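These figures come from a predicted structure and were not determined experimentally.
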Amino acid sequence: MAKAIAQYFKRVFEDYQVLVMVNPSDFTGIELILHPDGKVEKTEMEFDEEIFEDLAEDEFQTCSPLEFQLLLAKSK
């Protein structure tokens, strides 16, 4: 069975950014919050089946997997 390809989303707020990775096969993922001081906060997430609709409603845009992975590496 083929491995599901994660999908990446981003929203820029006034003084911070939120990036989200969603695994569409089991609705797990990671949320990264980039704070103004450069600190990256990482949270493991479990989403429901409506996550894509929720992200669209909250005005998240698709983003680059590379951008997400670079911030993820910075969070460690």
Side-chain angles (χ1 to χ4, degrees):
M1 182 155 107
K3 185 177 178 182
I5 297 174
Q7 296 181 28
Y8 300 87
F9 302 89
K10 174 181 177 179
R11 180 161 179 206
V12 178
F13 294 89
E14 202 167 303
D15 59 348
Y16 65 97
Q17 297 178 39
V18 177
L19 289 88
V20 178
M21 178 191 75
V22 179
N23 179 337
S25 65
D26 62 3
F27 300 107
T28 60
I30 299 171
E31 176 186 76
L32 300 176
I33 300 174
L34 176 59
H35 296 276
D37 63 1
K39 179 184 173 215
V40 179
E41 182 180 338
K42 174 186 165 186
T43 307
E44 301 279 335
M45 305 290 290
E46 291 187 22
F47 305 106
D48 61 23
E49 297 82 18
E50 297 173 358
I51 183 58
F52 298 110
E53 292 86 0
D54 294 343
L55 289 167
E57 185 175 316
D58 291 339
E59 300 178 352
F60 277 77
Q61 304 294 319
T62 57
C63 74
S64 162
L66 179 59
E67 179 180 13
F68 184 92
Q69 293 300 327
L70 289 171
L71 281 177
L72 181 61
K74 188 177 178 182
S75 73
K76 296 178 182 178

**Message:** Applying ring-ring contact (aromatic ring centres under 6.0 Å, His included), can you list everything that pairs with F27, at least two apart in sequence or on another chain?
**Reply:** none

**Request:** Under the side-chain contact (heavy atoms from CB on, under 4.5 Å) rule, what do V40 and I33 come out as? Steps first, then yes or no, please.
**Result:** CA-CA 6 Å; V40 179; I33 300 174; over 6 Å; no

**Complete:** Residue pairs meeting side-chain hydrogen bond (donor to acceptor under 3.5 Å, both in side chains), one or both in residues 4-19, sequence neighbours left out, come to Y8-Q69, K10-Q17, K10-E67

**Close side-chain approach of M45 to T28, heavy-atom, < 4.5 Å** = no

**Message:** Over 60° means perpendicular and under 30° means parallel, so tell me whether F13 and F60 are parallel, tilted or perpendicular.
**Reply:** perpendicular

**Prompt:** So how far is it from L34 CG to S75 OG, rounded to the nearest 0.5 Å?
**Reply:** 11.0 Å

**Message:** I need the S64 OG to L70 CG distance, nearest 0.5 Å.
**Reply:** 8.0 Å

**Prompt:** Excluding sequence neighbours, so at least two apart, what forms side-chain contact (heavy atoms from CB on, under 4.5 Å) with D54?
**Reply:** D48, E50

**Prompt:** Is there side-chain contact between F68 and F9, with at least one heavy-atom pair below 4.5 Å?
**Reply:** no

**Prompt:** Out of curiosity, does L72 fall in the hydrophobic cluster containing V20 (side-chain heavy atoms, cut-off under 4.5 Å, transitive links)?
**Reply:** no

**Request:** Could you tell me whether the side chain of V22 reaches within less than 4.5 Å of the side chain of L55, counting heavy atoms only?
**Result:** yes

**Request:** Please examine the side chains of E44 and I30, heavy atoms only from C-beta on, and report whether any two atoms are closer than 4.5 Å.
**Result:** yes

**Heavy-atom closest pair, residues P24 and A6** = CD-CA, 4.1 Å

**Asked** Do the side chains of V18 and L32 get nearer than 4.5 Å, heavy atoms only?
**Response** no

